Amino acid sequence: MGQSSIFDKLLEEKTVFKNKEILRPSYTPKELPHRKKQVNEIARILVPALRSETPSNILIYGKTGTGKTVAAKHIGRELEEKGEELKVNCSVIYLNCKVVDTQYRVLAHLARHFDKDVPLTGWPTDQVYKDLRDALDERKRVVTIMLDEIDKIIGKSGDDILYNLSRINSDLERAKVSIIGISNDLKFTEDLDPRIKSSLGEEDIIFPPYNADQLRDILTQRAKKSIKEKVLEDEVIPLCAAFAAQEHGDARRALDLLRVAGELAEKEGERITEEHVRKAQNKIEIDRVVEVVRTLPTQSKLVLMTIIKLYETKNDSLTTGEVYETYKELSNHIDIETLTQRRVTDLISELDMLGIVNAVVISKGRYGRTKEISMSVPIEEIREVLLEDYRLSGLEGYKPSIQSTFDNDV
DNA sequence: ATTCCACAGGAAGCGACGGCCC
DNA sequence: GGGCCGTCGCTTCCTGTGGAAT
């Protein structure tokens with residue numbers, strides 16, 4: 001292949017998308033179809049900010065891909081713009097509690113927003129709190145703090161942050177603070193301190209899942225700006241919508257499907273077809289899992305490897321005990337520190353939460369209580385990724401010895 | 001009705017690390 | 001450099017439990 005043809009070929013390929021960014025979940029469109037009611041409701045609650053009064057705190061509920069984050073950011077932006085226009089000092093701070101996941105980090109993040117120099121670690125937490133409070137109170141203003149995925153933070157030191165933030169107003173002279181909590185979990189307030197619960201949930205907004213028709217509207221709206229008209233076959237959008245509707249009406253999934261289908265079509269230099277959507281469905285899942293597995297810590301990888309090896313030879317679901325026995329053997333074999341069973345239990349639970357394995361607690365009556373573990377994704381791809389880790393490469397082809405379980409020789 | 005297995009999973013806390021302060 | 005602080009991965013110790021077997 002001649003050098004000059006490399007770019008020629010790539011340029012030719014650019015036949016599907018006009019602007020791919022629009023299909024990414026991070027893109028915030030101007031219009032949010034089928035969310036007018038929620039948007040208006042939130043706006044109504046936040047209006048006082050424009051009159052320099054404290055708005056009520058809000059809790060927003062809804063499953064993934066129901067537009068909570070997009071709606072919140074959208075409103076936040078509008079609020080700031082309007083504030084500027086009216087010469088009212090009101091600002092919106094967005095942060096994701098899955099990333100910023102401790103009290104210290106939340107406070108530090110907020111303080112940094114006001115140009116305070118707070119280190120990643122090292123200061124006592126109340127020092128950061130004081131800095132934040134002083135920074136806030138420097139002038140008259142209304143600050144709206146959006147805590148996305150707020151359910152990820154409670155149960156840690158999270159209660160404290162929510163408590164501190166919700167009563168920060170009584171510590172302020174000039175500034176005012178309101179909080180918007182965004183949660184995937186409808187019941188997360190249940191194990192929350194009732195005081196926080198009532199102050200945080202002054203107003204509740206629910207984002208119901210989209211149905212297939214609504215998803216279709218969303219996709220059509222975005223496709224118009226992002227994909228060239230003539231390459232999109234008619235069935236594609238309805239199919240993306242249908243697939244995503246099955247996954248609890250997840251608009252993010254719908255957009256991903258359309259985007260990946262487009263990428264696949266682009267590679268083959270074709271129009272986007274139904275077939276591409278089906279392939280995309282598969283590819284998204286595998287890509288996700290491969291990426292997750294690749295970035296797993298070694299011990300988790302080893303536990304996963306153990307499960308794979310056992311699952312293959314036994315072809316049946318496993319128990320924690322079995323996995324742990326073999327894990328011990330494998331870790332010795334490749335000279336990796338052996339963790340306790342308690343820790344391995346946690347690692348298995350983490351793999352479960354990542355959707356790589358299935359772990360269900362079952363009771364076998366007389367024979368105890370355990371987790372029933374099985375793989376929930378294709379084994380082959382994963383094994384390959386695991387073996388890429390040099391510390392695990394010694395396990396290639398290694399067959400674990402399987403202890404006879406007592407119930408088959410009685 | 002009781003017993004008892006094989007764990008689940010909570011609580012506490014340890015040591016290392018990276019960072020602050022003085 | 002010494003004394004703290006927050007965070008992480010981990011261990012130790014622990015109490016709790018669904019349901020087959022008795």
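Any value given below was found using the heavy atoms of this structure, including those in side chains, with hydrogens, waters and symmetry copies removed. Bear in mind that the values here come from a model prediction, so they are computed numbers and not experimental data. Letters A, B, ... are given to chains in the order of the sequence lines, protein chains preceding strands, and every chain is numbered from 1.
A cation-pi geometry, defined here as NZ or CZ lying under 6.0 Å from the six-membered ring centre and within 45° of its normal, does not hold between Lys364(A) and Tyr367(A). A cation-pi geometry, defined here as NZ or CZ lying under 6.0 Å from the six-membered ring centre and within 45° of its normal, does not hold between Lys309(A) and Tyr398(A).
Residues passing the side chain to side chain contact (heavy atoms under 4.5 Å, CB included) test with Val361(A), sequence neighbours excluded: Arg369(A), Lys371(A). Partners of Glu21(A) by side chain to side chain donor-acceptor pair (under 3.5 Å), not counting sequence neighbours, listed by chain and number: Arg24(A).
A salt bridge is defined here as a Lys NZ or Arg NE, NH1 or NH2 lying under 4.0 Å from an Asp or Glu carboxylate O, and Glu263(A) with Lys283(A) fails to meet this definition.
Screening Asn184(A), Ile180(A), Ile182(A), Val99(A) against Asp148(A) for a side-chain contact (heavy atoms from CB on, under 4.5 Å) leaves a single residue, Ile182(A). Screening Leu162(A), Leu59(A), Leu147(A), Thr144(A) for a side-chain contact (heavy atoms from CB on, under 4.5 Å) with Ile179(A), the sole residue that qualifies is Leu147(A).
Of the residues in residues 342-356 of chain A, Arg342(A), Thr345(A) come within less than 4.0 Å of DNA chain B through at least one heavy atom, sorted by number. Residues from residues 333-340 of chain A lying near DNA chain C, meaning a heavy-atom separation below 4.0 Å, are Thr338(A), Leu339(A), Thr340(A) in numerical order.
In this structure, the ring of Tyr210(A) has its center no less than 6.0 angstrom from the ring center of His34(A).
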Encode nucleotides 15-22 of chain B as B, S and - characters from 5' to 3', where the letter depends on protein heavy atoms closer than 4.0 Å: B to the base, S only to sugar-phosphate, - to neither.
---BBSS-
Under 4.0 Å protein heavy-atom contacts per nucleotide of nucleotides 14-22 of chain C, with B for base, S for backbone only and - for none:
--BBBBBS-
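In this entry the distance linking OH of Tyr104(A) with C1' of dT7(C) reads 11 Å, nearest Å. A straight line from OH of Tyr324(A) to P of dC10(C) spans 12 Å, rounded to a whole angstrom.
At the heavy-atom level, Gln341(A) lies under 4.0 Å from the strands shown only through sugar-phosphate atoms.
A side-chain donor from one of Ser331(A) and Thr338(A) sits under 3.5 Å from a side-chain acceptor of the other. Residues His248(A) and Thr66(A) bring no donor and acceptor atom of their side chains to less than 3.5 Å of each other.
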